[in-house]
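Below: one structure, written as structure tokens.
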2 protein chains.
Amino acid sequence: MVGTNKGNFNTPHLKTGDPLPPYTGKLRLYNMRYCPFAQRTVLALNAKNIDYEIVNIDLMDKPEWLTTKSAFGKVPALEIAENVSIYESLVTVEYLDDVYPQRPLLPKDPVKKAKDKILVEALSPIHTVYFKLVRGPDTITEDNIAAYHKNLTFIQQELQNRGTKFLDGDQPGYADYMIWPWFERLHVIKHDLARLDKQKYKLLLEYIDNMFQDPVVAEYKLPREALEHFQNQYKLGLKPVYDFLIQK
Amino acid sequence: MVGTNKGNFNTPHLKTGDPLPPYTGKLRLYNMRYCPFAQRTVLALNAKNIDYEIVNIDLMDKPEWLTTKSAFGKVPALEIAENVSIYESLVTVEYLDDVYPQRPLLPKDPVKKAKDKILVEALSPIHTVYFKLVRGPDTITEDNIAAYHKNLTFIQQELQNRGTKFLDGDQPGYADYMIWPWFERLHVIKHDLARLDKQKYKLLLEYIDNMFQDPVVAEYKLPREALEHFQNQYKLGLKPVYDFLIQK
């Protein structure tokens with residue numbers, strides 16, 4: 001039932017009626033394979049090469065015990081000791097960065113750290129447009145579009161100002177990995193808003209290419225067909241085949 | 001134009017056409033006297049007894065220079081060196097806690113810190129109900145109400161589990177001050193949802209009383225008539241008299 005970490009992310013999504021896998025003593029992530037928020041925690045765990053196990057959750061037919069691991073019944077939740085869990089994606093990542101010093105993700109300098117967090121806090125326009133693109137592009141307003149471009153421009157401007165390959169330097173860090181799940185998902189959407197203008201967003205597009213080549217990103221990247229399946233079901237209000245990647 | 005910190009929060013709210021006050025070398029907070037988000041930064045600054053100045057902003061007729069201090073034109077923004085600003089309320093508070101070690105607000109222990117941040121991240125149902133109470137109680141849904149009570153119960157349960165006067169111990173800390181602005185505002189609302197049940201929320205109500213008596217909270221507390229003026233104008237979609245507290 002319980003997958004191990006590296007290389008086996010596609011464990012069955014446990015659902016109502018399924019028993020809680022026995023505690024193994026290992027750090028455990030309650031995850032959903034398509035969830036962009038949980039992906040943040042996965043990227044942090046994998047970047048730091050932490051030994052952990054994944055328990056995937058069917059979020060449309062949740063196991064009864066989920067709220068004992070995550071008070072709001074959401075993923076990601078990180079069980080750091082038996083029956084001690086923390087949740088909210090950014091909280092779990094910061095916890096990991098505090099406790100596992102290898103490959104620090106957040107800058108140590110308070111101003112740089114603040115600037116990374118501002119980039120991540122500012123992300124809601126991209127998030128909004130992505131979900132509306134999936135759910136129904138007709139609901140996207142002019143204000144949504146303006147905020148979306150402002151947000152993309154803000155990220156590109158930071159890349160320019162920093163002058164580094166990634167936002168956090170030679171390799172991706174906190175800002176890069178916390179923003180990434182939405183760029184990965186926008187990439188497969190067939191809509192003008194998701195196809196970024198090659199001139200206007202030249203630097204940002206190079207950056208996105210570089211991120212796709214990062215080994216931590218590549219290892220957890222969803223195959224296009226899986227992501228499209230999930231987006232299509234979501235659009236129709238239907239339950240996705242959570243275990244799509246296992247059934248293949 | 002520029003107020004100093006302690007005891008003089010009610011400086012004029014600068015508006016379109018008003019010049020940027022010359023840089024004084026002092027840490028500067030761009031603020032709006034009624035803003036619950038900016039209040040978080042004020043409470044952190046005051047709790048730490050940091051020397052700073054306030055520049056209040058008319059958010060409905062913003063000064064042209066505001067976006068040079070806060071990229072999204074919002075408050076709070078903290079100018080930490082000339083033309084170097086950080087913003088987003090929680091980012092500013094964490095920055096202050098990193099740089100000014102006196103009276104630490106965030107717990108040092110990574111798990112306790114995570115738990116404090118979860119409490120603050122979980123706050124959106126209270127925020128939603130508060131804004132709908134002000135703007136139009138008719139728009140509050142059953143789901144809003146359920147989430148609101150779940151959120152209040154979650155905070156009360158944490159108080160119970162921690163067994164301390166405040167969430168962060170004998171005196172308020174990060175979780176207390178970051179949550180506080182909404183409790184202060186709910187307190188003046190005349191609606192059943194804002195009047196918490198004395199039995200069900202006994203511990204939470206005691207806590208709210210204790211918070212009102214905290215000197216840092218008391219010093220910045222909005223007089224009831226000012227808050228009611230702001231809420232009434234907001235409900236009607238009218239511009240509040242930002243300088244209400246100066247005109248008195």
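Being a predicted model, the structure only gives us computed values, none of them experimental. Within every chain, numbering begins at 1; the chains are lettered A, B, ... in the order of the sequence lines, protein sequences first and strands thereafter.
- At most 12 heavy atoms of other shown residues, nucleotides or ligands fall within 6.0 angstrom of atom CD in A:Gln199.
- At most 12 heavy atoms of other shown residues, nucleotides or ligands fall within 6.0 angstrom of atom NZ in A:Lys74.
- Rounding to the nearest 0.5 Å places NZ of A:Lys115 at 8.0 Å from CD1 of B:Ile86.
- With a 6.0 Å radius and a threshold of 12 heavy atoms from other residues, nucleotides or ligands, B:Lys69 has its NZ atom above the threshold.
- Of the two parts of B:Ser85, only the backbone, made up of N, CA, C and O, holds a non-hydrogen atom closer than 4.5 Å to a non-hydrogen atom of chain A.
- When side chains are defined from C-beta on, B:Glu88 does not count as touching A:Lys117, because their heavy atoms never get closer than 4.5 Å.
- Atom NZ of B:Lys239 is surrounded by more than 12 heavy atoms from other residues, nucleotides or ligands within 6.0 Å.
- Using a 4.5 Å cut-off between heavy atoms, B:Ile80 touches chain A through its side chain atoms alone.
- When the shell of 6.0 Å around CD of B:Gln102 is examined, it contains more than 12 heavy atoms from other residues, nucleotides or ligands.
- Applying the 6.0 Å contact sphere to NZ of B:Lys132 captures more than 12 heavy atoms from other residues, nucleotides or ligands.
- Highest contact tally toward chain A, considering only B:Lys150, B:Glu121, B:Glu94, is held by B:Glu94 [criterion: heavy-atom pairs under 4.5 Å].
- Within the model, atoms NZ of B:Lys112 and OH of A:Tyr95 stand 13.5 Å from one another, a figure rounded to the nearest 0.5 Å.
- Atoms CG and CD1, from A:Leu90 and B:Ile118 in turn, are 11.5 Å apart once rounded to the nearest 0.5 Å.
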